[in-house]
Protein chains: 2
Amino acid sequence: MRVKDIGEQKLLEKIKSFCPKSLIGDDGAVLSIDPLQKIVVTTDILVDRVHFSDTTTPPSAVGWRSISANLSDLAAMGATPVAITIGLAIPKELPVEWIESLYSGINILLNKYNIPIIGGDVCYSPTKIISITAIGKVYPNHVIKRSIAKPNQVILVTGHHGMSKAGLELLSNSHLKKYLEKEIQLKFINAHQYPEPRLDVLPYLKDIMKTHKVAGMDSSDGLADAIIQICEMSGVGAEIEQSKIPMIDKLSKYISREEALEWVLYGGEDFELVLCLPEEIAFKLLHKLGKDAHIIGRIIKEKSITLLKENSECLFLKTSGGFQHFS
Amino acid sequence: MRVKDIGEQKLLEKIKSFCPKSLIGDDGAVLSIDPLQKIVVTTDILVDRVHFSDTTTPPSAVGWRSISANLSDLAAMGATPVAITIGLAIPKELPVEWIESLYSGINILLNKYNIPIIGGDVCYSPTKIISITAIGKVYPNHVIKRSIAKPNQVILVTGHHGMSKAGLELLSNSHLKKYLEKEIQLKFINAHQYPEPRLDVLPYLKDIMKTHKVAGMDSSDGLADAIIQICEMSGVGAEIEQSKIPMIDKLSKYISREEALEWVLYGGEDFELVLCLPEEIAFKLLHKLGKDAHIIGRIIKEKSITLLKENSECLFLKTSGGFQHFS
């Protein structure tokens, strides 16, 4: 069955049947939030053939990623998700199964974090577009800001960067497939299609933030981008040690070290957190997060952002035009 | 200059320069709401050539209407706007002036109601799409619901329905232009391009709602649709008297009475309010709203929705498939 067979007016009803946890009532939804908490709102648009493609992302992954991107934005501000709204613009000829599959991906994440859908809209459009707005809550002293990094703080990153890019490369061309075990391939592809927002880090930060402010953001636009943005907004610089950045072992056998570093720094879409905090506090956090986090560098007073390579070479991390390259 | 000349990364910065009241900070925006109030959220997507067209709506009108539609949704729930987020998906070839003009329309309404933009996203897309999420606040006893209309309540409508449809017809074909004075033409076209959400009615309702609950919704999908939805959700019916529905005098000279009635009932996009409340309370409200409101019928226990015509004929108001027709 295609979307046009249901008719635009009945489409929202049909979609509601795909999301049992929807709170979209006949009279709208109302929310109550602890008056001591602030409300944080974030919006993301995903466009077919710009942000996703049928060749690399099944509809369930499109749904998952669209939610994950917004939850990552909330995590980056230290906020816990409260509710989301979903706007869908879809072609008349789209099979209804595509939407059902989209919501299957959406539902897994929403159920995991117990987030209701409190509003939505659906309409015909020549291009498939998913527009998500996520509402979060945060106590004022738990807000993570990009603009408050201070010299001598260390830079702690969660997870492994470049995984999503590796997954995309595997899906886009078969060159790598020849060398990698099936299990490793699936790990990369999963990182690209079903990335986890790092809301799990927030409880650890709350303890820290009783006494210390934490600067940071997520790395959805790439690790280098996150470092550059934090530095620019805080009026500081950074020194990153290449040897401290976790690289993907399995990959470095098959692509050059330079290419691997490029994927890690500029690949994007990893939805990890990049945090700046005092060294002794960072070590405590590192202890709690285990192998899943690394201290990769330090905030400095001078406004340059440099990458100290293993051969003692020193490179500038750059933003050049639309895309960032190191040279 | 075209959008692609700025580059996707710098586009959001450029857009921020078009909306001086934006609160989109480098660290996101946080909101505080009176703890006694509930939060209401509404989302709307507007798609080029589906909801607007360059031939009938200049970009400033597209911006205005996209905000107005969301504010009307809030008004329909009895909620006062707190903040909005704007997601834009736009073609690379779009002139930047189009976006600037879009925001000029958006800004007039946001300034009028003092509403900050607290989040946004912009990305490339083959189709122009505007996705708006509006956040409102409402005290629990001021919530207007569709589902609580009761037999013997009267149906009060604000404004004049069919105006937006008349404006669209004037813009789409020149047939009507021959007969109508320039001033009247502009009035209709203005109703189509720059409709006002009926937030002005809310202060009057607050007084009433100290003692009485009010059922209702907005008429953005047409007057007939609003009546049908309220009745279906409240498990009641309605009797509408055609003679009580305000018709557009200037028009009825040039189109048939039947066609004029069709525009009024099914034209849509008027963003007026359709309210159900006890007769004596409705008269008080009518007194306050003056010529701008009319009592057009009554809620009945039987689940039929009938239109009593002037010649004593009785017709059923129907929803048929995607579009509603009376017969």
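In what follows, every chain begins at residue 1, and chains take the letters A, B, ... in the order their sequences are listed. Since this is a predicted model, take the numbers as computed values, not measurements.
Of the inter-residue distances, the one linking I132(A) atom CD1 with T85(B) atom OG1 reads 12.0 Å to the nearest 0.5 angstrom. To the nearest 0.5 angstrom, S125(A) atom OG is 9.5 Å from H51(B) atom NE2. Rounded to the nearest 0.5 angstrom, K137(A) NZ and I39(B) CD1 are separated by 10.0 Å. Annotation: the span from C123(A) atom SG to L46(B) atom CG amounts to 7.5 Å, rounded to 0.5 Å.
Residue contact with chain A, scored on non-hydrogen atoms closer than 4.5 Å, involves the backbone of L88(B) exclusively.
Between S131(B) and D121(A) the shortest side-chain heavy-atom distance does not fall below 4.5 Å.
Atom NZ of K92(A) sits in a sparse spot, with 12 or fewer heavy atoms from other residues, nucleotides or ligands closer than 6.0 Å.
Ranked by heavy-atom pairs under 4.5 Å with chain B, the list I45(A), T43(A), T42(A) is led by I45(A). Most heavy-atom pairs under 4.5 Å with chain A: of the set A76(B), P140(B), G136(B), G87(B), this distinction falls to G87(B).
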